[in-house]
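Following: one structure in structure tokens, then a few remarks.
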Number of protein chains: 4
Amino acid sequence: MSIVQGEKHEAILDAAYSLFGSKGFYETKMSDIAEIAGIAKGTIYLYFKSKEELFTAVTRRDCGQFLDSMRAALKIVGFEERLQVLADRHLRYYYERKEHTKLFFRTPNNDPDLMEFMHQFFREYTKLVQDVLEEGGIAEPGLHAESFIGMMDRHKMDIMMNPSFNEQELEKRSYFVASLFLHGCMAAEESGRPVLVNRSQQQ
Amino acid sequence: MSIVQGEKHEAILDAAYSLFGSKGFYETKMSDIAEIAGIAKGTIYLYFKSKEELFTAVTRRDCGQFLDSMRAALKIVGFEERLQVLADRHLRYYYERKEHTKLFFRTPNNDPDLMEFMHQFFREYTKLVQDVLEEGGIAEPGLHAESFIGMMDRHKMDIMMNPSFNEQELEKRSYFVASLFLHGCMAAEESGRPVLVNRSQQQ
Amino acid sequence: MSIVQGEKHEAILDAAYSLFGSKGFYETKMSDIAEIAGIAKGTIYLYFKSKEELFTAVTRRDCGQFLDSMRAALKIVGFEERLQVLADRHLRYYYERKEHTKLFFRTPNNDPDLMEFMHQFFREYTKLVQDVLEEGGIAEPGLHAESFIGMMDRHKMDIMMNPSFNEQELEKRSYFVASLFLHGCMAAEESGRPVLVNRSQQQ
Amino acid sequence: MSIVQGEKHEAILDAAYSLFGSKGFYETKMSDIAEIAGIAKGTIYLYFKSKEELFTAVTRRDCGQFLDSMRAALKIVGFEERLQVLADRHLRYYYERKEHTKLFFRTPNNDPDLMEFMHQFFREYTKLVQDVLEEGGIAEPGLHAESFIGMMDRHKMDIMMNPSFNEQELEKRSYFVASLFLHGCMAAEESGRPVLVNRSQQQ
DNA sequence: CATGAATGAGCGTTCATTCAT
DNA sequence: AATGAATGAACGCTCATTCAT
């Protein structure tokens, strides 16, 4: 009956992800997590110091996967193509978490470690976007990165709250965002050109 | 010793704004609010049904003032000028609330009325931005409005968290955002022109 | 706009009787009573010192009416006839208060004055029954009175809780009780006689 | 230092019985019960869902013991003897709880479970009495049972409130009640016979 | 007499965390 | 490592009563 190292650790994270995401931080009880994970309540504390730390760990794993997947997807050439990838992955991230909205809207309110981690994550993500912009020769890449991320992120409400939001809508949206970022809202008037190819329209 | 109508109502809102803003929702006790407002605990409940409702009322007043001031400031002509005003007021809103960051980051997690109000506020604000864009002849004003708001809003982190962020920085930032939204990140390369006059640089 | 003396006093008692009876003591708020009575909350305190005192006053009026009506009804001759009247009135008292059961089952739990009054009422009522018995030549009238009252009172559950309990049932029950008290449960075996005439069977 | 199974459960019930009985339901605080039981406040909630449920559990245990003891005592022959046992046990129940009068007079006012249990207990007790009467060949055993219980129960006031009420008084009272129930108040006049032997007078 | 705005004491319950086994 | 029984701090809300007008 030997247990694979880390098996419980993962089981707890999985259970916590599922419950925190669907019910929210405050509405989730440690005992519920233990039950779903199939272990005793006290056992959680062998792996995680506190409920907040567990939430932070869940977030950390989730955000880490996001950054990893983003980095992998960015291993292509072409500035505009990479911008498009950023938009697509960012929006898709929320799209894939439609059933776990509470990970974003019902989080612990007062945990220094979580805030510290989120800050660091934002820095890291901003840096990643910034690097893409820099390689594209964009000036003030820091400010541009912040703005781009803001533009993308605003659409999470539509994506997560709107039940009829589908894959096609998603691609249209990411194309829109990347295009707007590149050429501004007056692009059409100024040149008439859609510079990016909207892949979803190609299909 | 006649009491001005609504005096207590205001006193409670003021005290709540101050405490919710500086300590956050969950960390603020009703008894603290009563003490600051100079009244008895039970009196709060004559004016507000619950702690959540009080927080929502604080938010409502604050957001209302924001929209009012925004609407007043938009009574000017010129599309780009009005865009600039949007960016300036949006960023300034956070700038003026540097001491009340918890109004945004430590809010009640699960209050239907607050969520309903925030939704409505977002709709209203989006509509306001959308109207500006429509008058400027921008296509897809809804998506553009969302994106613009996102771009602006992202900068709240820098504004609120960075203690050395000052007025000049603020104006540079709002100019940057409006300009990016208008012409995109490739504007410089594409035309070399800064279309908007950065007022903070004129001074 | 002159107000008849005691009009408000009565209005409060009426409102309190209605609410205490239908919702119970703890579930009734002074403000509700004031509203029903058509006066201000504070005004109740001009007439009654406290919620408990008001409940006691309601009880006092109700029990007083009971005793008065009982005394009037007992102005007849014949021991068995008077016993029958006792049973009939006792059971009828609950029958007429089917909509006000909470007067008996949700009373203040800890009010000395109410307890004192109830004791006195019981004494008085017991004395009244006792007098009937004494005049009927029954030995140990005190113990007999207690027992008779207990016998009668036990049937209040059936009367108040059973929605289909009707007038005829009531008369059968009061006849049963009086008869049992007179001759015991072995009466039939001992003599075969129903001594009392069951008026409801005469009809 | 091994802990006997159910030890805490019993300790809580004992503490609650003692406090509820002497001070009443509303006047007893959960923290007091915990203190008397020698445990932490929260521990009570591992065993009982609420204060109301705890009161109901206390009542349940107490009433259960009453019925058990009654059933055991009824394992004798002879109708009149068994009637006498009923009266004796019933009155003795109150006699033994002279220090816990509040179990009967200061109970929760509005608890569905307690009311349900009391109803069931009354039904069960009534059934038990009814069975005795039926075996004695008494007609209408249901109504007779109700009446007999009412007769007996009425004497609880004297027993509990009168500090000088003693064992001898108790036996006289139970003899009186059983005798009255058997032969009615006119028994003496009708036959001159005391059918039951008053055991307390034999001694 | 009448009002009704203001008061503030009072308490059941939850649940993250600990620690003896 | 694993358990789960025990802990106890923490707090929103009600509502009978008062009293200035």
Side-chain angles (χ1 to χ4, degrees), chain A residues 1-3 5 7-9 25-35 38-54 108, chain B residues 1-3 5 7-9 26-35 37-54, chain C residues 1-3 5 8 25-35 38-54 108, chain D residues 1-3 5 7-9 26-35 37-54:
Chain A
M1 219 213 268
S2 78
I3 293 175
Q5 268 302 334
E7 189 182 75
K8 287 212 171 113
H9 193 267
F25 178 77
Y26 291 107
E27 290 76 17
T28 297
K29 287 184 270 182
M30 292 298 265
S31 52
D32 291 342
I33 296 175
E35 195 178 3
I39 57 169
K41 201 166 17 153
T43 307
I44 299 181
Y45 289 86
L46 297 177
Y47 295 90
F48 302 95
K49 214 167 61 229
S50 69
K51 191 184 181 185
E52 278 80 8
E53 192 187 287
L54 176 53
Chain B
M1 218 212 268
S2 77
I3 293 179
Q5 268 301 336
E7 190 184 72
K8 290 232 167 78
H9 193 267
Y26 290 108
E27 289 75 18
T28 296
K29 286 184 273 181
M30 290 301 262
S31 53
D32 292 344
I33 296 175
E35 196 174 7
I39 56 169
K41 205 179 356 165
T43 305
I44 299 180
Y45 290 87
L46 294 180
Y47 295 90
F48 303 96
K49 230 173 34 239
S50 67
K51 192 183 180 186
E52 278 79 9
E53 191 187 287
L54 176 53
Chain C
M1 217 209 271
S2 77
I3 293 175
Q5 269 302 335
K8 286 208 170 118
F25 177 78
Y26 290 106
E27 291 76 16
T28 296
K29 287 186 268 184
M30 291 299 264
S31 51
D32 292 343
I33 296 174
E35 196 178 4
I39 56 168
K41 200 169 15 155
T43 306
I44 299 180
Y45 289 86
L46 297 177
Y47 296 90
F48 301 96
K49 214 166 63 231
S50 68
K51 191 184 181 185
E52 278 80 7
E53 191 187 289
L54 176 54
Chain D
M1 218 211 267
S2 77
I3 293 180
Q5 267 302 336
E7 190 184 73
K8 290 230 167 78
H9 193 268
Y26 290 108
E27 290 74 19
T28 296
K29 288 184 272 182
M30 290 301 263
S31 52
D32 292 344
I33 296 174
E35 197 175 5
I39 57 169
K41 203 174 2 162
T43 305
I44 299 179
Y45 289 86
L46 295 180
Y47 296 90
F48 303 95
K49 232 178 28 248
S50 67
K51 192 183 179 186
E52 278 79 10
E53 191 186 288
L54 177 52

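Proteins get letters first, then strands, A, B, ... in listed order; numbering begins at 1 in each.
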Once you round to the nearest 0.5 Å, how far does [atom1] of [X] lie from [atom2] of [Y]?
| X | Y | atom1 | atom2 | answer |
| --- | --- | --- | --- | --- |
| B/K41 | B/Y45 | NZ | OH | 8.0 Å |
| B/K49 | B/I44 | NZ | CD1 | 15.5 Å |
| C/E35 | C/M30 | CD | CE | 14.0 Å |
| D/T43 | D/I33 | OG1 | CD1 | 13.0 Å |

Distance check needed: [N] [atom2] versus [X] [atom1], whole Å only.
| X | N | atom1 | atom2 | answer |
| --- | --- | --- | --- | --- |
| B/E53 | F/dG12 | CD | P | 15 Å |
| D/H9 | F/dA6 | NE2 | P | 12 Å |
| C/E52 | F/dA16 | CD | C1' | 9 Å |
| C/D32 | F/dT14 | CG | C1' | 13 Å |
| C/E35 | E/dG4 | CD | P | 12 Å |
| D/Y47 | F/dG4 | OH | C1' | 11 Å |

For D/F48, report the nucleic acid contact type (base, sugar-phosphate, nothing); a contact means any heavy atom under 4.0 Å.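 Since no nucleic acid heavy atom lies under 4.0 Å of D/F48, the category is nothing.
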Mind checking if C/S50 touches a base, just sugar-phosphate, or nothing, with heavy atoms under 4.0 Å?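 Sugar-phosphate: the residue C/S50, judged by heavy atoms under 4.0 Å, touches backbone atoms but no base.
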N/O contacts under 3.5 Å, protein versus nucleotides 7-11 of chain E?
from, atom 1, to, atom 2, distance (Å)
E/dT7, OP2, B/A40, N, 3.0
E/dT7, OP2, B/T43, OG1, 2.2
E/dG8, N7, B/G42, N, 3.1
E/dG10, O6, B/K41, NZ, 2.7

Under 3.5 Å donor-acceptor, B/K8 side chain and B/I39 backbone: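 Side chain of B/K8 to backbone of B/I39: no pair is present.
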Would you find a donor on one side and an acceptor on the other, under 3.5 Å apart, between the side chain of A/K51 and the backbone of A/P108?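 Checking the backbone N and O of A/P108 against the side chain of A/K51, no donor-acceptor pair under 3.5 Å is found.
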Here DNA chain F, pairs taken as Watson-Crick or G-U under 3.5 Å and shown with ( ), [ ] when crossing and | when to another strand, reads .||||||||||||||||||||
What's the shortest heavy-atom distance between A/E53 and A/Y47, and which atoms?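 Taking every non-hydrogen atom into account, OE2-O, 4.3 Å.
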Under-4.0 Å side-chain N/O to phosphate OP1/OP2 contact, A/Y45 with F/dG4: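 No, because none of the side-chain N or O atoms of A/Y45 sits under 4.0 Å from OP1 or OP2 of F/dG4.
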Verify the neighbour count for atom CD of C/E27: are there more than 12 heavy atoms of other residues, nucleotides or ligands below 6.0 Å?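 Yes, because the 6.0 Å sphere around CD of C/E27 holds more than 12 heavy atoms from other groups.
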Taking the P atom in each of E/dC1 and F/dT21, what is the distance between them to the nearest angstrom?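 E/dC1 and F/dT21 have their P atoms separated by 23 Å.
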